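The structure under discussion appears below in the form of structure tokens.
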Amino acid sequence: MDFLAYALATVVNVAVVAVVTRRLLGVPVGWPRTIIVSLTMLSVGAGLLNWISTALNLDLRPTGPSVAATGAIVILAMAWLLAAQVMVLAILEAMVPTGTLPGPFSLLRSLPARRRRAARYTSIVRIAAAHGLGAYLRPTRAGTDVPDSKVARSLREALTDGGVTFIKLGQMLSSRPDLLPEAYVRELSELQSNVPPAEWPRVRAVLERELDRPLDEVFEHIEDVPVAAASVAQVHVARLVGGQEVVVKVQRPDARRQALADLDIVLRLGAWLERRTGWGRRLGVESLAKGFARSLEEELDYRVELGNMRAVAEGVSRAGRPRVQVPRAREDLSSSRVIVMERMQGRSVSTAQAFLDRFSAAERRAMAEELLGVVLHQVVVTGVFHADLHPGNIFVSEAGQLGLLDLGAVGRLDRGARTSIGLLLAAVDRQDSLAAADALLDLLDRGDHLDDRRLEREIGQLILRHGSGLSSAGSAALFVDLFRLVLDHGFAVPSQVAAAFRALGSLEGSLRIICPGMDLVEAARQQGRGLVTNTITPAAAREALEAQLASLLPVLQRLPRRINKITEDIEAGRLTVNVRALGDLRDRAFITGIVHQFVMTALAAACVLGGILLVASEGGPMMTETVPLNAFLGFTLLFFGFVLGSRVLVLIFHQHRMTADALHSEWTG
């Protein structure tokens with residue numbers, strides 16, 4: 001019974017002390033740390049009171065002399081015990097703010113996920129070490145005498161073993177010859193098609209589960225060896241009941257689970273870089289990671305790809321380019337993990353070098369220009385474009401027909417972004433740096449300290465440098481220089497605009513295979529000139545003007561009445577301008593917070609100064625035989641000064657953290 005009473009008293013005391021401490025600090029301090037500190041202080045409270053009573057020769061009996069004075073001294077001692085807790089919590093809040101570390105309950109809930117992430121980190125490091133890449137993970141890199149071809153092959157094998165997300169990374173890098181040496185591009189390009197396929201029994205189980213029937217009821221024949229195996233899916237040739245030749249795209253059995261696990265790591269890494277690095281905030285790494293996660297999640301849901309196929313096919317049809325096609329899907333036989341579509345004859349551009357050699361240089365150039373025209377039409381006119389145009393996703397037939405495959409990644413641009421890209425192409429064609437700068441300002445999110453004149457001059461230099469007579473390397477250099485210029489001027493690139501540049505960047509690698517001598521910049525200028533001319537016609541301008549007038553009509557109707565009232569007020573001398581210096585609620589809150597902090601700081605300083613003077617003074621009345629009244633009052637004032645000072649310090653650190661969070665939200669927003 002005594003134990004239960006003591007436990008209940010301890011719980012009540014901890015709760016009271018925790019509530020009082022949180023109220024004194026004035027910020028939402030975490031409950032776990034408050035309770036732990038309270039328990040620690042209460043455990044030493046009884047010993048502290050005994051030491052104080054012995055040192056001051058106090059009589060703690062209820063019937064002893066000077067009961068009121070003794071009780072006041074005990075209360076003051078308990079108050080200083082509370083102040084010690086405030087000090088400890090203030091130090092903890094300054095060094096490790098609440099929310100920085102997970103609480104015990106969230107920590108317990110997250111243990112399985114943490115264990116999986118740790119296992120994945122270990123697996124990634126083990127894969128890198130197994131392929132001889134361990135030295136490249138250390139700050140001081142060893143093995144620099146290893147040939148690039150061997151390292152590139154090891155990197156490709158490691159990315160293959162890493163799974164879906166890392167294969168996607170390799171595919172993206174293989175389309176950037178401006179960033180990687182030729183040996184790396186050549187090796188990583190094999191990731192487009194040379195991925196080990198999943199075992200047929202597991203794939204068959206996925207097909208039957210998604211189709212909800214045995215395969216014999218759907219297919220007369222289906223090849224168990226895939227004709228292509230990519231990072232997320234593999235493709236099997238089949239013939240439907242009825243004789244139609246089709247291909248079956250089926251998601252790999254472990255693709256979704258492994259991709260979601262890796263995306264969690266990517267998102268955490270993006271958030272860390274955004275929080276810790278200036279370039280991460282400038283680039284919006286966390287936003288880019290979230291955009292990549294959304295894109296990959298959409299790619300894992302083939303119902304999204306079915307809608308993308310319909311939208312892109314409509315755009316290709318509107319472009320009037322009969323050489324480029326999008327396969328039609330059998331939506332009645334497709335699901336979130338399976339797509340059944342018509343079979344296109346030919347082979348992917350990534351494996352069609354010998355096949356392409358059969359065509360003349362003029363035919364290959366015509367194929368490349370038509371493909372570029374379709375993509376530019378998607379970006380500038382329709383706004384729905386294929387965002388992953390690496391060579392493995394483009395088919396070429398014996399008749400020179402081109403097919404766009406794997407539409408899991410599709411970008412979408414609104415009318416304003418499409419217009420800005422079209423104006424940028426037109427400005428580059430005219431070598432008009434002012435118009436190009438205006439188009440970039442409309443297209444991207446400008447920084448706070450943008451120098452418009454410097455931007456215009458550097459764009460003019462870039463246009464002149466890449467204006468004419470470029471090789472393929474020069475075309476790639478244009479995109480590199482443009483990206484560097486955007487970063488230097490503090491622009492933030494919206495995710496869909498970045499997807500458009502990525503599509504054009506990956507398209508360049510495909511066009512180089514189809515037509516090696518093609519200059520992408522010059523071809524884009526020629527193709528873009530026609531697109532911009534067709535989109536900026538008198539009819540289109542009249543349509544846009546009519547839409548703007550329709551939106552401004554209510555304002556125009558009220559404008560004469562408002563102008564008349566202003567002129568009447570001017571004539572009668574009644575015109576006044578009302579300006580409120582602190583009209584914004586945020587401004588008033590800021591001033592109020594500054595005043596509160598100043599008042600608390602002044603009170604804390606006054607209490608500390610007064611307390612020191614009283615404690616140091618000699619003489620005066622005595623509370624007890626050993627305790628002067630001035631000393632008691634001095635320590636009381638010191639207590640209030642200490643608590644107020646701790647509160648001011650915690651508020652300062654808390655305000656600094658809120659400001660950092662606001663800046664972080666502004667960068668990511």
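The chain is numbered in sequence order, starting from 1. From a predicted model like this one, the values you see are computed outputs, not experimental measurements.
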Closest heavy-atom pair and its distance - [X], [Y]:
| X | Y | value |
| --- | --- | --- |
| A366 | R323 | CB-NH2, 4.2 Å |
| V316 | V324 | CG1-O, 3.3 Å |
| A368 | L511 | O-CD2, 3.5 Å |
| A417 | D414 | N-OD1, 2.8 Å |
| H386 | L407 | CD2-CG, 3.7 Å |
| V396 | M367 | CG2-CE, 3.5 Å |

Do [X] and [Y] touch side chain to side chain, with heavy atoms closer than 4.5 Å?
| X | Y | result |
| --- | --- | --- |
| E210 | S334 | no |
| L402 | E370 | no |
| R310 | E331 | yes |
| S335 | V338 | yes |
| V227 | V247 | no |
| V232 | Q251 | yes |

Subject >> All ring pair (Phe, Tyr, Trp, His ring centres under 6.0 Å) counterparts of H236, not counting sequence neighbours >> reply: W200
First locate atom [atom1] of [X], then atom [atom2] of [Y], and finally report the distance between them rounded to the nearest 0.5 Å.
| X | Y | atom1 | atom2 | value |
| --- | --- | --- | --- | --- |
| R347 | S397 | CZ | OG | 11.5 Å |
| L434 | R453 | CG | CZ | 9.5 Å |
| L413 | T382 | CG | OG1 | 9.0 Å |
| R318 | Q378 | CZ | CD | 11.0 Å |
| D262 | R257 | CG | CZ | 9.5 Å |
| E245 | L240 | CD | CG | 8.5 Å |

Using modelled atom types and a 3.5 Å cut-off, is there a donor and acceptor pairing between side-chain atoms of [X] and backbone atoms of [Y]?
| X | Y | answer |
| --- | --- | --- |
| Q401 | P322 | yes |
| S420 | G416 | yes |
| S510 | L389 | yes |
| R364 | I514 | yes |
| S348 | I394 | no |

Subject >> Set of side-chain contact (heavy atoms from CB on, under 4.5 Å) partners for L405, sequence neighbours left out >> reply: P327, M344, F395
Subject >> Counterpart residues, side-chain contact (heavy atoms from CB on, under 4.5 Å), relative to V304 (two or more places apart) >> reply: E298, D301, N308
**OP:** Decide yes or no on side-chain contact (heavy atoms from CB on, under 4.5 Å) for R330 and E342, but give the supporting numbers first.
**Re:** CA-CA 8 Å; R330 286 289 303 268; E342 64 175 334; over 6 Å; no
**OP:** Before giving the answer on side-chain contact (heavy atoms from CB on, under 4.5 Å), spell out for L455 and L441 the whole-Å C-alpha distance, their side-chain angles and the decisive distance to 0.1 Å.
**Re:** CA-CA 10 Å; L455 173 66; L441 291 174; 4.1 Å; yes
Original post:
Yes or no on side-chain contact (heavy atoms from CB on, under 4.5 Å) for R343 and V246, after CA distance, side-chain angles and deciding distance?
Top reply: CA-CA 4 Å; R343 182 181 180 184; V246 296; 5.5 Å; no
Original post:
Got a sec: does the CD of E398 have more than 12 other heavy atoms crowding it under 6.0 Å?
Top reply: no
Subject >> Residues N393, L404; criterion side-chain contact (heavy atoms from CB on, under 4.5 Å); working and verdict >> reply: CA-CA 6 Å; N393 286 341; L404 305 183; over 6 Å; no
